[in-house]
Amino acid sequence: MADMPEIESPDTGRKERVPPGQRAGSRFPVLHYGRTPLISTSEWKFRMSGLVEQERTLDYQEFSSLPMIRVHADIHCVTSWSKLDTHWEGVSTGALKELVAIRPEAGFVMVHAEPNFTTNLPLEDFFAEDALFALKYEGEPITAEHGFPVRLIVPRLYFWKSAKWVNGVEFMASDRPGFWESGGYHMHGDPWTEERYR
Ligand SMILES: Nc1nc2c(c(=O)[nH]1)N[C@H]1C(S)=C(S)[C@@H](COP(=O)(O)O)O[C@H]1N2
Ligand SMILES: [Mo]
């Protein structure tokens, strides 16, 4: 698609691309808790809930018909590997604002994913211009182990916030820890200030 907007993640413009305590490499490890869920697009659903005027659920057909963007970004896993120059295609997180009316008191989002995974983010980071629900990685559908059919990508935070097998977002007034955050990972997770654990 020639008219797909190309978004440059702001951090790719830094002179020093690798955050403190990280090592950049070409590896793309698979890291998650539990089994790798095998999700068929005919069963996949995406639910928007919490502080919205009206809850809404989209199926894969509807979700994949939304306008797509392409993002060039670096990713940083808290276990210290980074991977520069990754490319993702999918639905901008900002596109959700056209689908549901988010109440003004919402300041955070809980991202829900398989299998029983959650992660919390401030809306400011969630709605960053380079954040998206990715359907493709390097031009190909995301593989099962990397989050098929849809995963969140939030380049400006450590990679655990980028939930694989995402199936919903819940808008919240105040912050609440998700899965790894309950186990001691940082509530925010900025790699540049090493918000790793708490
Ligand atoms: N659903 C789900 N998403 C998840 C996780 C998880 O356990 N479950 N782990 C996170 C962590 S800790 C990391 S580092 C990245 C790893 O993504 P990758 O396997 O594509 O490298 O996924 C994140 N997303
Ligand atoms: Mo991680």
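Each ligand, and each atom within it, is numbered from 1 in the order the structure gives. Basis for what follows: all heavy atoms, side chains included, without hydrogens, waters or symmetry-related copies.
Tyr137 and Phe28 have their aromatic ring centers within a separation under 6.0 angstrom.
Taking the six-membered ring where tryptophan is involved, the planes of Trp88 and Phe159 are tilted, since the angle between them lies from 30° to 60°. The aromatic rings of Phe117 and Phe179 lie tilted to each other, with the angle between the two planes from 30° to 60°.
Considering Gln22, Arg17, Lys83 as possible partners of Asp74, the one that fulfils the side chain to side chain donor-acceptor pair (under 3.5 Å) test is Arg17.
Partners of Asp59 under the salt bridge (Lys or Arg N to Asp or Glu O under 4.0 Å) rule, at least two apart in sequence or in another chain, do not exist in this structure.
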Check ligand 1 for N or O atoms under 3.5 Å from a protein N or O and list each pair with its distance.
unit_1	atom_1	unit_2	atom_2	d
ligand 1	1 (N)	Glu114	O	2.8
ligand 1	1 (N)	Lys164	O	3.0
ligand 1	3 (N)	Lys164	N	2.9
ligand 1	7 (O)	Tyr33	N	2.8
ligand 1	17 (O)	Arg151	NH2	3.2
ligand 1	19 (O)	Leu31	N	2.9
ligand 1	19 (O)	Lys164	NZ	2.4
ligand 1	20 (O)	His146	ND1	2.6
ligand 1	20 (O)	Arg151	NH1	2.6
ligand 1	21 (O)	Pro29	O	2.6
ligand 1	24 (N)	Ser162	O	3.2

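Cluster annotation: Met68 and Ile142 are assigned to distinct hydrophobic clusters (Ile/Leu/Val/Met/Phe/Trp/Tyr, side-chain heavy-atom contacts under 4.5 Å, transitive).
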